[in-house]
Amino acid sequence: MVCLGNICRSPVAEGVLRHIADKKGLKLLVDSAGTANYHVGESPDKRSVANAKKNGVDISMLRGRQFHVRDFDEFDHIFAMDESNLKNVLTLARNEEHKQKVELLLNTIHPNKNLPVPDPYYGTEKDFEKVFELVHKACDEFTERLKEN
Ligand code: 4NP
């Protein structure tokens, strides 16, 4: 799960995907990262932690890290929160196989629509709630697909 800072959106997506995978009995290696390095080593944004907790997901133990080119080898799927993150990740891809792993998270529920998980950093509690709702829907759909395969 990749966003810009790895403190607002992608830690929520990481926590939610892990939570849903556990509930559905899927063994997945889940992680998140930011394309930028501003918040490396930091806890997720307090507002993301509080909102996730309210919705039953603990992300307080997560720490920020920057996306690294080796992530293309470690992971089968790389989900970007918005088109800017997508572009930044694709810039680091070294081959076609890597590029094929990258997609916008919300394209799992709205194919080809290229919708973003909007950045809530300058937003309100409502924007953080929206992030949770969107990533939850996408992770639920993604894990259903994995169960089918
Ligand atoms: P995120 O949100 O990409 O969802 O983690 C942001 C976090 C920090 C900044 C921007 C967006 N920032 O500019 O520091």
Side-chain angles (χ1 to χ4, degrees), residues 1-23 26 28-94 98-146:
M1 296 297 187
V2 182
C3 63
L4 174 63
N6 193 211
I7 54 166
C8 293
R9 292 166 290 175
S10 61
V12 176
E14 175 185 347
V16 167
L17 179 56
R18 190 174 287 125
H19 182 79
I20 292 178
D22 281 351
K23 273 210 305 204
L26 291 166
L28 297 187
L29 173 65
V30 184
D31 202 358
S32 65
T35 56
N37 65 0
Y38 328 130
H39 300 286
V40 170
E42 290 180 21
S43 297
D45 188 288
K46 283 194 194 101
R47 298 164 294 175
S48 281
V49 174
N51 186 269
K53 191 177 171 191
K54 193 178 96 184
N55 286 289
V57 180
D58 181 11
I59 61 166
S60 62
M61 77 302 282
L62 302 182
R63 295 294 178 269
R65 75 171 179 95
Q66 190 172 22
F67 184 83
H68 193 277
V69 70
R70 71 178 159 267
D71 290 318
F72 287 114
D73 302 314
E74 288 277 322
F75 298 95
D76 298 323
H77 299 272
I78 297 169
F79 289 113
M81 298 300 126
D82 64 33
E83 295 215 60
S84 166
N85 315 144
L86 182 80
K87 189 169 145 253
N88 289 332
V89 168
L90 286 174
T91 302
L92 295 172
R94 287 166 306 186
H98 289 174
K99 285 184 190 166
Q100 293 298 328
K101 294 183 176 188
V102 190
E103 61 179 308
L104 282 172
L105 180 62
L106 294 193
N107 275 357
T108 56
I109 46 172
H110 301 291
N112 306 314
K113 290 277 200 300
N114 299 333
L115 298 173
V117 177
D119 185 351
Y121 192 60
Y122 295 106
T124 65
E125 203 181 316
K126 216 170 143 194
D127 300 302
F128 282 82
E129 183 61 33
K130 188 73 190 168
V131 167
F132 190 94
E133 185 190 315
L134 290 172
V135 305
H136 193 279
K137 274 188 193 153
C139 292
D140 194 45
E141 173 61 25
F142 174 60
T143 49
E144 282 305 299
R145 260 185 242 166
L146 289 180

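Only heavy atoms go into these numbers, but all of them, side chains included; no hydrogens, no water, no symmetry mates. Every number for a ligand or one of its atoms is a count from 1 in the order of the listing.
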Engineer: Looking only at N/O atoms, are Cys3 and ligand 1 under 3.5 Å apart anywhere?
Structural biologist: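 No; every N/O pair is 3.5 Å or more apart.
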Engineer: Quick one: salt bridge (charged side-chain N to carboxylate O under 4.0 Å, His left out) pairs with a partner in residues 48-59, sequence neighbours left out?
Structural biologist: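 Every salt bridge (charged side-chain N to carboxylate O under 4.0 Å, His left out) pair that includes a residue of residues 48-59, provided the two are not neighbours, is Lys54-Glu129.
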Engineer: Taking 4.0 angstrom as the limit and counting only heavy atoms of Ile7, give me the atoms of ligand 1 inside it, by number and element.
Structural biologist: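 Those of ligand 1 that fall under 4.0 Å from Ile7 are 5 (O), 7 (C), 8 (C).
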Engineer: Give yes if a backbone or side-chain nitrogen or oxygen of Cys8 is under 3.5 Å from a nitrogen or oxygen of ligand 1, and no if not.
Structural biologist: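 Such a contact does occur with ligand 1.
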Engineer: Among all protein heavy atoms in this structure, tell me which lies nearest to atom 10 (C) of ligand 1, with the distance rounded to 0.1 Å.
Structural biologist: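 So the nearest neighbour among protein heavy atoms is Leu4 CD2, 3.7 Å.
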Engineer: Among Val89, Leu86, Leu105, which residue meets the side chain to side chain contact (heavy atoms under 4.5 Å, CB included) test with Phe79?
Structural biologist: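 Among the candidates, only Leu105 passes.
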Engineer: Considering distance alone, does some N or O of His39 sit under 3.5 Å from an N or O of ligand 1?
Structural biologist: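 Looking only at distances, the answer is yes, because the N/O contact criterion of under 3.5 Å is met.
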Engineer: For the rings on Phe128 and Tyr121, is their centre-to-centre separation under 6.0 Å?
Structural biologist: no
Engineer: Taking non-hydrogen atoms only, is Asn6 closer than 4.0 angstrom to ligand 1 via side chain, backbone, both or neither?
Structural biologist: backbone
Engineer: What's the shortest distance from atom 2 (O) of ligand 1 to any protein heavy atom, and which residue and atom give it?
Structural biologist: Asp119 OD1, 3.3 Å
Engineer: Between ligand 1 and Ser10, is the shortest N or O to N or O distance under 3.5 Å?
Structural biologist: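 No, since none of the N or O atoms of Ser10 sits under 3.5 Å from an N or O of ligand 1.
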Engineer: Does Arg94 have more than 12 heavy atoms from other residues, nucleotides or ligands lying within 6.0 Å of its CZ?
Structural biologist: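 Result for CZ/Arg94: enclosed.
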Engineer: I want to check something: taking the side chain as every heavy atom from C-beta on, are Asp140 and Lys23 in contact at a cut-off of under 4.5 Å?
Structural biologist: no
Engineer: Is the shortest distance from a Lys or Arg side-chain nitrogen in Asp45 or Arg9 to a carboxylate oxygen in the other one below 4.0 Å?
Structural biologist: no
Engineer: Please list, in number order, the atoms of ligand 1 under 4.0 Å from a heavy atom of Gly5.
Structural biologist: 1 (P), 3 (O), 5 (O)
Engineer: Take atom CD in Glu144; do more than 12 heavy atoms of anything else shown fall under 6.0 Å from it?
Structural biologist: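 Buried by this count: over 12 neighbours within 6.0 Å.
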Engineer: Counting non-hydrogen protein atoms only, what is the nearest one to atom 12 (N) of ligand 1? Give residue, atom name and distance.
Structural biologist: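 Ranked first by proximity to atom 12 (N) of ligand 1 is Tyr121 CE2, 3.7 Å.
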